[in-house]
Each structure stands twice: as C-alpha cells, then as structure tokens.
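Shown below is the structure under consideration.
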Amino acid sequence: MRFVDEFRQPELIGRTADEIRRLADPKRHYRFMEVCGGHTHSIYRFGLKDLLPDNVELVHGPGCPVCVLPMGRIDDGLSMAARPDVIFTAFGDMMRVPGTSGSPLEHKARGMDIRIIYSPSDALKLARNNPDKHVMFFAIGFETTAPSTALTLMRAKAEGLRNFSVFCNHVTIIPAIRAILDSPDMRIDAFIGPGHVSTVIGCRPYGWIASHEGKPIVVAGFEPLDVLQSIVMLLRQLKRNESIVENQYKRVVPWEGNSGALKAMAEVFELRPYFEWRGLGFISQSALQIRETYAQWDAERRFDVPGVRVTDPKAAQCGEVLKGVLKPAQCKLFGNECTPEHPIGALMVSSEGSCAAYFNYEHRKTPRLTNIAQIPVPLGA
C-alpha cells in the first residue's frame, strides 16, 4: 500500500534508529514535544520510544481536542440536550467524556436524544429529516476539522435551514504551543509539529517558534518512519545550532496550507477573545466562534447557555499530563480508578488521548519491531 508499507519497513526503521543514536550527544538530554495526539498514538502503538536512546525523551503535548476541552463546556452542551425538542449530535470521541453529572452517553441512557455522527453533514441531514426537532451539532477539533464545520454552516445558510445549529468548540494550535512555551515548569528543546492541522494551516504559522523562541520544529507524518525521520531532522538542526521550520510530511502538507479550507473558515469563524483549556487555563484568541452573519445557526446565541466553569476531579492530573509535566502512568488514578472502561479524565477517553494510548499499547503490551509492517493503518483525526 503506497505511503504506508514503505514507511513501516523494519530495515529502514532500524537504520533510522541507528542514525538517531549517532546524532544524539550522549552528554545531553533532549526533550522533544509531539504536539499532536495522533503522534502520541503512533509512538505508543508502534513502540517507537523503545528504539530511542535514553537521552532522547518524547513529551506529549496538548494536541488532542477532546482532551483539552474543559468539563464546563460539556455541561453547557448537555444543558441544551436536556430540551425535549433538541437532538444532540457529536462525534463518537465525545460520547464518553465525563461532565459534572455524567457523559453524553450516560445522558442518552437517561432518555435524552443524543446521537453519534461521523461528519457535520450527518447532523444537517438529521435536521432536514426532522423538521419538528432542532438538531445541535457539538463541534470540536483543531483547524483540522473546522473547515468541515464551516462548510456545513455555509450549506445550512444557503438552504435556509432554521432547525440546525452548531455549538462551536473549535480551538487553534498556535496559542496552545505559545502557552506551553510560556509555562515556567516546562523545558522543551524542539517540537514535532502536527501533521493533520498543518494540512490546513500549512507550515508558515510555526515560523515564530523557530525565529523568536529558538526551538526547531519539524512537521511530521504518522507512520513509524515519519516520526523517526522527524527526530533525525530535529537532532541535525540542534547539532548545527539551527532553529528552522522543516516539513517532513511533504507528501501531504503544503507549505502554505489549504487555501480553500482557510477561506471557508474565514467566512464563518472569527477568533474568540479568550477560551478555557483543560490544564492550560484561559488562553487569549485560542478558539473560534461563529461570526454574526451566521448567528442564526450559533447554538450559543439561540439557547440560554449557562457558561459553566467546573474544575476537574482533584485526584485526576489531566492538566499536568496535557502540559507534559507528568507521564500518563504518573497520574495517581491511571490504570486503577481511571481506565478506558471507566474514565475519570478525558485523556483516557479519546482515541488521541495520551493516557488511552499509553494504557492500550505501552501499559499492556509492547509491539515488536518485526511486526510493524503488519499493523493496520490508523485513521487520521
């Protein structure tokens, strides 16, 4: 299979791992943050960290949109679902994320009309087919999924569909990276840049990380050789005392991004003045809201949303794990009270959550290098 098998060849993986060991200065400890949850998933799934020397440490960043959403926003969405005339729709990842009084799936069991969808257009179809109901789509994701929400809103406006709205929880990646760099308890030497987000925004927005912060960044794909090659590229930059933006994922990511997707986003969305992130607090201009011209399809304008602020359970250390301060297994609840079957925190729910990835792959099994080529292709978020 093109672009999969050739990036899983054990011989090339072994040679790349040897190159990493050759480039890594044994007198130095390296901390590389993979921003995207998809990279975290791949690192654990393929056992890549076992191929690295001990002084090359991978730190998991806040690149899982389900994980960074504060509990209060889930409660806000469920407050709308409580109305008898509302159909609550969301992606499957959201269904088991706990709010104050339970997850959407638990509320569904209590009789609320809550449905899993696979794209925003599914929610729009539900609105067409249920004219006596109001269909609310709980939109979530970084710039990766925001264009599909924007195009759906444009279609709803063009059709004049009045019984459809979006509860917008789209966030943006750059302010999150800035917040990480501003954190006093965090030391990062370089970044493995997000592949999925970059298919939309391109590579240029990361320039300030290299030029102003002096941190190398390599936008990377998600196959084993993608991740390992990005580490090689970062080590070469550090060896040359360089800090630039490089694109390892050229087969998918255009340097300037996707102009059509960016245009749709600009048509429908604008930046919020501030937005709360789980573990990172309030970050200015870090999320999207629906423009006034689309106000009729904005759930926050159409309904009385309480704007709840809720702190996570004290024992759950989601914030520290999201910021890379703690590893998943260092959380007091990990693998005991908090498991994929009974999650306490969002990081154990999402398919891109670092706790779920660690539990499913690192905690219970270690993939063998010889089997890498046979592992099925992961679906991109």
Side-chain angles (χ1 to χ4, degrees), residues 16 19-20 23-40 42-43 48-49 52-64 68 142-143 171-222 226-250 253 255-257 277 279-281 283-286 319-327 354:
T16 308
E19 179 70 1
I20 289 172
L23 289 169
D25 184 347
K27 299 178 181 179
R28 181 174 179 179
H29 187 84
Y30 302 88
R31 285 171 58 85
F32 298 157
M33 175 174 278
E34 80 276 2
V35 178
C36 181
H39 286 136
T40 304
S42 293
I43 288 163
L48 299 183
K49 78 178 191 62
L52 304 177
D54 292 339
N55 62 329
V56 176
E57 179 184 358
L58 298 178
V59 181
H60 319 307
C64 166
V68 301
F142 284 93
E143 292 96 334
V171 289
T172 57
I173 195 67
I174 297 299
I177 298 176
R178 192 182 300 277
I180 291 291
L181 288 170
D182 289 342
S183 179
D185 55 354
M186 178 54 58
R187 183 186 68 80
I188 300 294
D189 295 300
F191 289 92
I192 299 173
H196 295 140
V197 166
S198 301
T199 62
V200 176
I201 68 172
C203 300
R204 191 176 298 278
Y206 307 117
W208 64 274
I209 299 173
S211 60
H212 296 295
E213 300 293 335
K215 309 292 184 183
I217 179 166
V218 174
V219 174
F222 298 90
D226 287 323
V227 177
L228 294 175
Q229 186 182 16
S230 70
I231 295 172
V232 168
M233 294 166 75
L234 290 174
L235 288 169
R236 286 174 177 170
Q237 283 196 49
L238 291 170
K239 194 176 186 68
R240 298 191 299 261
N241 292 316
E242 283 185 349
S243 296
I244 60 174
V245 181
E246 291 187 278
N247 184 8
Q248 183 276 335
Y249 206 22
K250 290 180 181 178
V253 174
W255 185 265
E256 298 294 341
W277 293 56
L280 298 176
I283 305 177
S284 63
Q285 297 187 318
S286 63
E320 288 84 352
V321 176
L322 275 171
K323 291 189 293 185
V325 176
L326 293 181
K327 301 293 185 184
S354 56

Notebook entry, point to check: Do you know which two heavy atoms are closest between Pro175 and Ile283, and how far apart they sit?
Noted result: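 Distance-wise, the nearest heavy atoms are CB-CG2, 3.8 Å.
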Margin query: Counting C-beta onward and ignoring hydrogens, is there a side-chain heavy-atom pair between Leu181 and Phe191 closer than 4.5 Å?
Written below: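 Side chain of Leu181 against side chain of Phe191, heavy atoms only: contact under 4.5 Å found.
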Item checked: His29 versus Asp54, closest heavy-atom pair with distance ->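 So the minimum-distance heavy-atom pair works out to CE1-O, 3.8 Å.
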Check: Where do Ile231 and Ile192 land on the side-chain contact (heavy atoms from CB on, under 4.5 Å) test, with the steps shown first?
Finding: CA-CA 8 Å; Ile231 295 172; Ile192 299 173; 4.1 Å; yes
Notebook entry, point to check: Salt bridge or not for Arg187 and Glu57, using N-O below 4.0 Å?
Noted result: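 Salt bridge absent between Arg187 and Glu57.
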Next item on the list: For residues Tyr206 and Ile174, determine if any side-chain heavy atom of one lies less than 4.5 Å from a side-chain heavy atom of the other.
Entry: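 Yes, their side chains come closer than 4.5 Å.
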Note to self: Could you check whether any side-chain heavy atom of Leu52 comes within less than 4.5 Å of a side-chain heavy atom of Phe32, counting everything from C-beta outward?
What the structure shows: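 No, too far: nothing below the 4.5 Å cut-off.
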Item checked: Gap between atom CD1 of Ile188 and atom CD1 of Ile180 - 0.5 Å precision ->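 Interatomic distance, Ile180 CD1 to Ile188 CD1, rounded to 0.5 Å: 7.5 Å.
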Note to self: Measuring only between side-chain heavy atoms, which start at C-beta, is Val321 closer than 4.5 Å to His60?
What the structure shows: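 No, every pair of side-chain atoms sits at 4.5 Å or beyond.
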Checklist line | Heavy-atom donor-acceptor pair, Gln229 side chain to Thr16 backbone, under 3.5 Å | finding: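 Checked: no pair found.
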Item checked: Heavy-atom closest pair, residues Pro62 and Met33 ->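 So the two residues come closest at CD-SD, 4.3 Å.
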Next item on the list: Would you mind checking if Lys215 and Glu213 are paired as a salt bridge, meaning a charged N to carboxylate O distance below 4.0 Å?
Entry: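 Salt bridge: no.
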Next item on the list: Would you give the length of the straight line joining atom OH of Tyr30 to atom CD1 of Ile20, rounded to the nearest 0.5 angstrom?
Entry: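 With rounding to 0.5 Å, OH (Tyr30) is 11.5 Å from CD1 (Ile20).
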Next item on the list: Would you indicate whether the side-chain heavy atoms of Val227 and Glu34 approach each other to under 4.5 Å?
Entry: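 Of all side-chain heavy-atom pairs linking Val227 with Glu34, none is under 4.5 Å.
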Notebook entry, point to check: About how many Å separate CE of Met233 and CG of Leu228, when rounded to the nearest 0.5 Å?
Noted result: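 If we round to the nearest 0.5 Å, Leu228:CG and Met233:CE are 13.0 Å apart.
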Checklist line | Validation row: Thr40, Leu58 side chains within 4.5 angstrom (heavy atoms) | finding: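 Side-chain contact under 4.5 Å: no.
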Checklist line | Interatomic spacing from CG in Asn55 to CZ in Arg31 - rounded to 0.5 Å | finding: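 CZ of Arg31 is found 13.0 Å from CG of Asn55.
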Next item on the list: Indicate, with yes or no, if the rings of Phe222 and His196 have centres closer together than 6.0 Å.
Entry: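 Phe222 vs His196: aromatic centres under 6.0 Å.
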Check: What closest approach, in Å, do Thr172 and Gln285 show between heavy atoms, and which atom pair accounts for it?
Finding: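 Distance-wise, the nearest heavy atoms are OG1-O, 3.9 Å.
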Notebook entry, point to check: Which residue, Val219, Val253, Ile173, Thr199, forms the side chain to side chain contact (heavy atoms under 4.5 Å, CB included) with Pro194?
Noted result: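 Output: one option passes, namely Ile173.
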Next item on the list: Could you tell me whether the side chain of Ser42 and the main chain of Gly38 form a donor-acceptor pair under 3.5 Å?
Entry: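 Indeed, once roles are kept as given, a pair shorter than 3.5 Å links the two residues.
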Item checked: Spacing of Asn247 atom CG and Ser198 atom OG [to the nearest 0.5 Å] ->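 Rounded to the nearest 0.5 Å, the CG-OG separation comes to 7.5 Å.
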Margin query: I need the Leu280 CG to Asp182 CG distance, nearest 0.5 Å.
Written below: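 So the gap between those two atoms works out to 11.0 Å.
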Margin query: For a 4.5 angstrom cut-off between non-hydrogen side-chain atoms, does Val35 reach His39?
Written below: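 A side-chain contact under 4.5 Å is absent here.
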Note to self: For the backbone of Ala220 and the side chain of Asp226, can you confirm whether one donor and one acceptor N or O come within less than 3.5 Å of each other?
What the structure shows: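 Between the backbone of Ala220 and the side chain of Asp226 there is no qualifying donor-acceptor contact (under 3.5 Å).
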Item checked: Validation row: Trp277, Ser286 side chains within 4.5 angstrom (heavy atoms) ->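 Answer yes - side chains close enough.
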